[in-house]
Student: 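Here it is: the structure, laid out below.
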Amino acid sequence: MPVLTRWLIKSAMVCLALALAVATTSAACARTDYPWIHTLTPVYIHLFMFGWVTQLIFGVAYWMFPRYSVESHRGPPVMGVAMYVALNLGLLLRVAAEPAHALHPGPAGSAVLVVSAILQLVAVILFALLIWGRVREP
Amino acid sequence: MPRLSRWFIRAALIYLLLGAISGSLMLLYKSGIASFPAGKLLPIHMEMLLSGWVVQLAMGVAFWILPRLEKGASRGWEAPAWTAFILVNAGIVAVAAGSAVPDGNGIVLAGRLLETTAVVAFAVHAWPRIATLDRLLEVKQDR
């Protein structure tokens, strides 16, 4: 199993645990009047769907799809690392900033959300570029 | 990787990009720097990523990876799987279009019916391939 796949799958498991922790917190506090309760839903959804499901898919696809060649294996390693960093950093920034900005809008929170949006999109573009050429006959 | 799997997976990658673009636009709207009502993109964002990316990727990989009953390259009756590809993509486009227009509920409903038919068609193809090794060996011996 290549090292990037190991990073992606382990990080996906961490995101799954965090998603369930957020969901549990939300359920436990459902009957309270805490103002931040309604801000947890997008956090849970994106930790689950992007952090766990999509990141797990990225890791297994990077490992399993037919390789370009014996020499270049799975594509430029730096592109894979950049994809991993962009995905997880973008998600982390979103998890922190989205609830905070929803409760207390401001330029700092706005800037972090913009960076998060760009990083997550960049991660997806990099994955598509890495894997497109490997969708082929072996 | 068989041709139908390549079609499924490349379509899934395109929907992943479209879903990510719509999601990023919505996050830019939440940040306050975008003035267009990107919140209306939510149903399209969900459709692109759930039906377009996850379901279609699963179909493509399943068509590739599930055990084959016949010797050689055969994956059994492929027509339902090809039908599933056409119907699921037609359904996704219909649901996305119906979500974007006023009074589009009828179009969304038609899209959902297409997607449901696609899933049934794929299951018709895949069901015999979901088998234990013993069963696969029995089938091959019978042939």
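Only a predicted model underlies this, so the values are computations on that prediction, with no experimental measurement involved. In what follows, chains are A, B, ... by sequence order, proteins preceding strands, each numbered from 1.
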Student: Hey, could you give me the NE2/NZ distance between A/His101 and B/Lys30, rounded to the nearest 0.5 Å?
Tutor: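 These two atoms lie 10.0 Å from each other.
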Student: So what's closer than 4.5 Å to chain B heavy atoms on A/Glu137: side chain, backbone, both or neither?
Tutor: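 Both parts, backbone and side chain.
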Student: Return yes when atom CH2 of B/Trp127 has more than 12 non-hydrogen atoms of other residues, nucleotides or ligands closer than 6.0 Å, and no otherwise.
Tutor: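 Open: at most 12 neighbouring heavy atoms sit under 6.0 Å from CH2 of B/Trp127.
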Student: Check each atom of A/Phe65 against the heavy atoms of chain B and say whether the ones under 4.5 Å are side chain, backbone, both or neither.
Tutor: both
Student: Grouping I, L, V, M, F, W and Y whenever their side-chain heavy atoms are under 4.5 Å apart, do B/Leu25 and A/Leu93 come out in a common cluster?
Tutor: no
Student: If you group Ile, Leu, Val, Met, Phe, Trp and Tyr by side-chain heavy-atom gaps below 4.5 Å, do B/Leu18 and B/Val95 land in one group?
Tutor: no
Student: Under 4.5 Å heavy-atom distance to chain A, tell me which part of B/Ile65 shows up: side chain, backbone, both or neither.
Tutor: neither
Student: Step through the shown structure and confirm whether more than 12 heavy atoms of other residues, nucleotides or ligands are within 6.0 Å of CH2 on B/Trp64.
Tutor: yes
Student: Does A/Arg136 use its side chain to pair, donor to acceptor, with the backbone of B/Met1 at less than 3.5 Å?
Tutor: no
Student: So what's closer than 4.5 Å to chain B heavy atoms on A/Pro107: side chain, backbone, both or neither?
Tutor: neither
Student: With a 4.5 Å cut-off on side-chain heavy-atom distances among I, L, V, M, F, W and Y, is there a chain of contacts connecting A/Trp7 to A/Ile9?
Tutor: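 In one cluster: yes.
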Student: By a 4.5 Å heavy-atom criterion (distance strictly below it), what part of B/Leu13 contacts chain A: side chain, backbone, both, or neither?
Tutor: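 Side chain only.
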Student: Report the distance from atom CG of A/Leu113 to atom OG of B/Ser31, rounding to the nearest 0.5 Å.
Tutor: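 It is 6.0 Å, given to the nearest 0.5 Å.
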Student: For the side chain of B/Ser24 and the backbone of A/Ala117, is there at least one donor-acceptor N/O pair under 3.5 Å apart?
Tutor: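 Checking the backbone N and O of A/Ala117 against the side chain of B/Ser24, a donor-acceptor pair under 3.5 Å is found.
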Student: What part of A/Ile45 gets within 4.5 angstrom of chain B, counting heavy atoms only: side chain, backbone, both, or neither?
Tutor: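 Neither; nothing under 4.5 Å.
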Student: First locate atom CD1 of A/Ile118, then atom CG of B/Leu28, and finally report the distance between them rounded to the nearest 0.5 Å.
Tutor: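 Separation between the atoms: 7.0 Å.
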Student: If Ile, Leu, Val, Met, Phe, Trp and Tyr residues are connected whenever their side-chain heavy atoms lie under 4.5 Å apart, and connections chain through other members, are A/Leu40 and A/Leu20 in the same group?
Tutor: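 A/Leu40 and A/Leu20: one cluster.
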Student: Out of curiosity, B/Leu16 CG to A/Phe58 CZ, how far, rounded to the nearest 0.5 Å?
Tutor: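 B/Leu16 atom CG to A/Phe58 atom CZ measures 5.0 Å (nearest 0.5 Å).
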Student: Side-chain contact, heavy-atom cut-off 4.5 Å: A/Met64 with B/Val61?
Tutor: no
Student: Within this structure, what is the CG-OG1 distance for the pair B/Leu57 and A/Thr54, rounded to the nearest 0.5 Å?
Tutor: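 Between atom CG of B/Leu57 and atom OG1 of A/Thr54 there are 9.5 Å.
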Student: Any chance you could measure A/Ile57, atom CD1, to B/Trp53, atom CH2, to the nearest 0.5 Å?
Tutor: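 The CH2 atom of B/Trp53 is 5.0 Å from CD1 of A/Ile57, to the nearest 0.5 Å.
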Student: If you take all heavy atoms of B/Arg10 and A/Val135, which pair is closest and at what distance?
Tutor: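 B/Arg10 and A/Val135 have their closest heavy atoms at NH2-O, 2.7 Å.
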Student: So which residues of residues 103-111 of chain B are in contact with chain A at a heavy-atom cut-off of under 4.5 Å?
Tutor: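 Hits under 4.5 Å: none found.
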Student: Checking heavy atoms, do the side chain of A/Met49, its backbone, both or neither come under 4.5 Å from chain B?
Tutor: side chain
Student: Any chain of hydrophobic side-chain contacts (each under 4.5 Å) joining A/Trp36 to A/Leu18?
Tutor: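 Per the 4.5 Å side-chain linkage, A/Trp36 and A/Leu18 are co-clustered.
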Student: Working note: A/Phe127 + B/Leu17, criterion side chain to side chain contact (heavy atoms under 4.5 Å, CB included); need CA distance, chi angles, decisive distance, verdict.
Tutor: CA-CA 10 Å; A/Phe127 175 75; B/Leu17 283 166; over 6 Å; no
